[in-house]
Amino acid sequence: MLDIKVIREQPDFVRERLAARGVEDAVPIAEVLSLDEQRRKYLTEVEQLKAQRNRLSKEIGVLMGQKKTAEADAKKIATREFGTRIAGLDKSVAEIETSLQQNLLRLPNLPHTSVVVGKSAADNPVVRVHGDPPVFTFKPKPHVELCESLKLIDFVRGAKLSGSGFLLYTNWGARLERGLIQFLIDLHTIEHGYTEVSPPYLVSRDCMTGVGQFPKFEDQAYAVQEGGDGSTLGRLYLVPTAEAPVANIHREEILGENQLPIYYCAYSPCFRAEAGAAGVGTRGMIRVHQFDKVELIKIVKPETSYDELEKMVANAERVLQLLGLHYRVIQLCTGDMGFASAMTYDIEVWSPGQGSYLEVSSCSNCEDFQARRMNLRFKAGTGENKFPHILNGSGTALARLFVALVETYQQTDGSITIPEKLQPYLKTDRILA
RNA sequence: GGAGAGAUGGCUGAGUGGCCUAAAGCGCAGGUUUGCUAAACCUGUGAAGGAGUAAUCCUUCCGAGGGUUCGAAUCCCUCUCUCUCCGCCA
């Protein structure tokens with residue numbers, strides 16, 4: 001959520017930054033400013049009335065104490081009408097505030113001023129490239145073919161169970177997936193200093209709103225109804241990422257400055273309905289409704305957040321380096337960034353079978369955008385309460401990492417070799433055809 | 001699912017209609033004392049919002065939402081959550 005004071009004091013700056021995202025038409029800045037002005041007007045009025053009423057009530061209390069009941073009763077009648085006027089104004093203020101809040105929750109974060117202004121993924125600058133694409137003496141097969149021939153994934157039966165976009169990992173495929181999860185968590189906790197957490201996979205509406213998923217992207221979440229009485233009470237949402245629960249761990253808390261920075265690492269399955277996406281590039285494992293991911297979350301002091309972002313990207317890159325995979329890092333331009341982010345790096349791993357890069361990690365600095373939404377603060381040394389910056393990054397997404405591994409390490413005979421670092425987790429150095 | 005207890009500031013915890021402007025303690029900040037540390041003592045210390053150039057003033061907030069009242073942390077109703085015991089259960 002944006003700071004209403006910033007919108008009020010620098011509306012043109014806010015308009016310019018939002019326009020850089022390419023959402024200027026949808027941005028009700030004028031509406032927000034008008035509501036904000038109305039709110040303050042009514043608030044001033046009703047507060048003056050309340051001050052008067054409080055004064056009179058106090059006088060009545062004194063009269064009652066002196067047993068001057070006749071005078072007290074007269075004053076009561078005079079004071080009574082304040083109640084109705086106050087109630088009316090209170091109602092107006094509440095309505096305006098609700099409306100203002102709804103508008104604010106729909107405004108995306110402002111891109112950092114250093115981020116390249118662009119319209120789409122085509123404008124994303126490449127930050128660095130690691131290694132070279134592997135060279136094959138034969139035509140590398142796409143992952144779908146390899147997974148079928150090695151019986152790593154049963155695509156047909158996965159779809160039979162839950163529809164397209166759901167995977168049934170089998171035998172060595174299931175073990176590879178599990179081994180990767182273990183490998184990633186060990187790496188980030190033991191070597192990178194993150195604290196492991198294992199969150200709920202169903203979260204409240206507040207959590208989804210806190211990270212910026214709701215209200216804008218509500219149609220992309222799977223909702224689960226407790227009881228089934230149709231009310232939104234007791235409704236929970238399958239996590240689209242572990243970010244949803246983990247970033248909210250300290251929601252509505254005031255942290256001590258010495259508690260920061262906080263580093264969390266969490267595995268979770270991720271559920272994405274992506275309404276309307278069915279049928280578009282859905283073959284195989286590239287785009288699915290359920291995938292595994294190991295997520296990194298940082299809660300940090302504002303002045304350190306961009307250094308922390310660089311470190312987080314390096315932590316995610318380490319995964320691909322240890323697995324010997326070719327990848328590149330890009331920075332998302334203003335038009336391609338997520339709703340909550342001020343700056344995002346994507347890491348894309350090379351897929352020999354597709355002949356293209358696949359996004360396996362997205363690391364974002366959301367600055368105080370999410371902290372405001374969840375009212376998470378910390379007490380700064382100066383004594384004032386400030387919003388910390390929250391970062392999230394994939395470390396990394398699994399299905400696409402799986403694709404890159406299988407395609408990169410395929411052999412002439414159709415088998416797959418296992419990178420050295422993964423061998424202890426799989427208890428083998430090769431998956432045979 | 002049944003029964004009971006509870007939810008008050010960063011934390012613990014008092015407060016059952018009117019100086020509650022929320023006691024007290026802990027914690028935290030500053031100060032005094034001090035060779036250093038520690039300790040002791042003193043002072044200060046909730047949040048959000050609004051008006052004002054400013055000093056300052058005002059409003060709201062005691063789990064959430066309604067209600068009663070001139071006035072609610074306090075009384076009434078509804079809901080949520082937590083704890084204890086019982087039942088069921090992986």
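Residue numbers begin at 1 in each chain, while the letters A, B, ... track the order of the sequences. In this text the structure is predicted, and so the values were computed from the model without any measurement.
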For A:Y237 and A:F214, what are the C-alpha separation, side-chain angles and deciding distance, and is it a ring pair (Phe, Tyr, Trp, His ring centres under 6.0 Å)? CA-CA 11 Å; A:Y237 301 88; A:F214 285 6; 4.8 Å; yes

If you only use heavy atoms from C-beta on, which nucleotide in B:rG50, B:rC58, B:rA47 is closest to the side chain of A:K379? B:rA47

Given A:R17, which partner from the list A:D12, A:N109, A:T113 fulfils the side-chain contact (heavy atoms from CB on, under 4.5 Å) test? A:T113

Does atom CZ (A:R8) have a neighbourhood of more than 12 heavy atoms from anything else shown, all under 6.0 Å? yes

Watson-Crick or G-U wobble partner of B:rG52, both distances under 3.5 Å: none

Separation of A:K50 atom NZ from B:rC58 atom C1', in whole Å? 11 Å

When rounded to the nearest Å, what value does the distance between C1' atoms of B:rA23 and B:rC19 take? 14 Å

Verify the ring-centre separation between A:Y201 and A:F271: is it less than 6.0 angstrom? no

How far does the C1' atom of B:rG17 sit from the matching atom of B:rU69, given to the nearest Å? 9 Å

Counting side-chain heavy atoms from C-beta on, which of B:rA47, B:rG50, B:rC70 comes nearest to A:T79? B:rC70

Would you mind reading off the distance between A:E59 atom CD and B:rU69 atom C1', rounded to a whole angstrom? 18 Å

Can you tell me if A:R53 touches the phosphate of B:rG71, counting only side-chain N or O atoms and a distance under 4.0 Å to OP1 or OP2? yes

For the side chain of A:E47 and the base of B:rG49, is some donor closer than 3.5 Å to an acceptor across the two? yes

So which nucleotide does B:rG6 pair with, by the Watson-Crick or G-U wobble rule with both distances under 3.5 Å? B:rC81

So, does A:N375 get its side chain near the phosphate of B:rA48, meaning an N or O under 4.0 Å from OP1 or OP2? no

What's the gap between B:rC61 and B:rA72 when it is taken at their C1' atoms, as a whole Å value? 13 Å

Below 4.0 angstrom from OP1 or OP2 of B:rG71, is there any side-chain N or O of A:N54? no

Within the 6.0 Å centroid threshold, strictly below: A:F369 and A:F339: yes

Would you measure the distance from the C1' atom in B:rG9 across to the matching atom in B:rU60 and give it in whole Å? 15 Å

Paired to B:rG30 by Watson-Crick or G-U wobble criteria (both distances under 3.5 Å) is B:rC42

So, OP1 or OP2 of B:rA51: does either fall under 4.0 Å of a side-chain N or O from A:R40? yes

pair_partner(B:rC70), Watson-Crick or wobble, both distances < 3.5 Å, evaluates to B:rG18

